[in-house]
Amino acid sequence: MGFAAAFLLLLLAAPAAHAVQYTVGDSSGWTTTGDYEGWVQGKTFTVGDTLLFNYGGSHAVDVVSKSDYDNCNSGNALSTHNDGSTVIALSNPGSMYFICPTIGHCAGGMKLAVNVVAAGGNSPSTPSTPSGSPTTPSGTTPSGGSTPSPPPPRPSGAASIMNSGFMLAFWTVLGAVVAIMS
């Protein structure tokens, strides 16, 4: 009986690490009026999280390369989705790029760039390009100057198994289980 109580205590004291599903554009969804650069601010996307795109029949979601994102080119899409409610798993660390392939929508701002960090990581959620200072692939501005440092890391919105509070709770409960079993 003591072991069962200790095990139950362990389950209650140790919060489970979980992935987060982000609804792109929040309640507005994936639309031509969305501010997707603003939407990603303050969010940390972690491997295992998902993006939910909700959109009407005149829209779609294309996963594209950085070059195609920058040029609003959907002709080389890595994948295309048009079901109105698309879930995309963030399965690898690195940048991911999304555009609406409907003519004029991407150029009008219907595009999204996210940076996915490894589980337990904590880095900025957007590829850092200062407003008004487009960069070249070498990381310099067109005038030849260097780009400013990226902003400091933001706190993650997703739970992390390496969270020190989780580890403290785990070892405390494990110690209690061992003491009860002795």
Side-chain angles (χ1 to χ4, degrees), residues 16-142 147-148 150-160:
H18 64 281
V20 174
Q21 181 170 71
Y22 293 95
T23 301
V24 175
D26 296 321
S27 61
S28 299
W30 182 237
T31 68
T32 54
T33 59
D35 172 17
Y36 301 105
E37 286 183 21
W39 179 80
V40 297
Q41 297 302 310
K43 294 176 176 65
T44 299
F45 302 98
T46 305
V47 169
D49 291 347
T50 56
L51 296 177
L52 170 61
F53 290 82
N54 290 317
Y55 49 95
S58 65
H59 304 299
V61 179
D62 280 1
V63 181
V64 296
S65 68
K66 174 151 179 32
S67 174
D68 288 341
Y69 171 86
D70 291 340
N71 296 303
C72 289
N73 177 18
S74 62
N76 301 315
L78 304 172
S79 63
T80 299
H81 308 273
N82 56 11
D83 61 0
S85 183
T86 299
V87 175
I88 299 196
L90 305 178
S91 54
N92 296 306
S95 296
M96 290 188 73
Y97 303 95
F98 309 91
I99 65 172
C100 178
T102 303
I103 295 173
H105 290 194
C106 176
M110 199 170 172
K111 58 195 229 173
L112 172 69
V114 300
N115 185 47
V116 182
V117 297
N122 192 18
S123 65
S125 62
T126 57
S128 62
T129 301
S131 296
S133 299
T135 60
T136 63
S138 67
T140 60
T141 59
T147 58
R154 294 183 183 96
S156 174
S160 170

Main-chain N/O of Val114 paired with Tyr97 side-chain donor or acceptor, under 3.5 Å: no

With His81 via ring-ring contact (aromatic ring centres under 6.0 Å, His included) - residues at least two apart: none

Where Pro93 and Ala118 come nearest, the two heavy atoms and their spacing: CB-N, 4.0 Å

Chi angles and distances behind the side chain to side chain contact (heavy atoms under 4.5 Å, CB included) call for Asn92, Val116: CA-CA 7 Å; Asn92 296 306; Val116 182; over 6 Å; no

Candidate pair Phe98 and Val24, rule side chain to side chain contact (heavy atoms under 4.5 Å, CB included), full reasoning: CA-CA 11 Å; Phe98 309 91; Val24 175; over 6 Å; no

Separation of Asn71 CG from Lys66 NZ (nearest 0.5 Å): 9.5 Å

Over all atoms of both residues, closest heavy-atom pair of Gly48 and Ala19: O-CB, 3.0 Å

Check: Asp68 main-chain N/O paired with Ser65 side-chain donor or acceptor under 3.5 Å: yes

Verdict with reasoning, Cys100 to Cys106, per disulfide (SG to SG under 2.5 Å): CA-CA 6 Å; Cys100 178; Cys106 176; over 6 Å; no

Distance, nearest 0.5 Å, that separates NE2 of His105 from OH of Tyr55: 13.5 Å

Sidechain-backbone polar pair: Asp62 side chain, Ile99 backbone, donor-acceptor under 3.5 Å: no

Expected output: side-chain Asp26 to main-chain Ser28 donor-acceptor under 3.5 Å: no

Mutual orientation of the aromatic rings belonging to Trp30 and Tyr36 [parallel < 30°, tilted 30-60°, perpendicular > 60°]: tilted

Check: Tyr69 main-chain N/O paired with Lys111 side-chain donor or acceptor under 3.5 Å: yes

OG on Ser91 to CE on Met96, rounded to 0.5 Å: 6.5 Å

Residue pair Leu52 / Ser85: nearest heavy atoms and the distance that separates them: CD1-OG, 3.5 Å

From Val20, Asn115, Leu51, Val47, residue fulfilling side-chain contact (heavy atoms from CB on, under 4.5 Å) relative to Leu90: Leu51

Inter-residue atom distance Ser67.OG - Asn76.CG, 0.5 Å rounding: 8.5 Å

Whether Thr102 side chain and Ser58 backbone form a donor-acceptor pair below 3.5 Å: yes

Closest approach of Thr50 to Ala89 (non-hydrogen atoms, all atoms of both residues): CG2-CA, 3.9 Å

Aromatic plane relationship, Phe45 with Tyr22 - under 30° parallel, 30 to 60° tilted, over 60° perpendicular: perpendicular

Straight-line distance of Asn82 CG to His59 NE2, nearest 0.5 Å: 13.0 Å

Under 3.5 Å donor-acceptor, Asn73 side chain and Gly75 backbone: yes

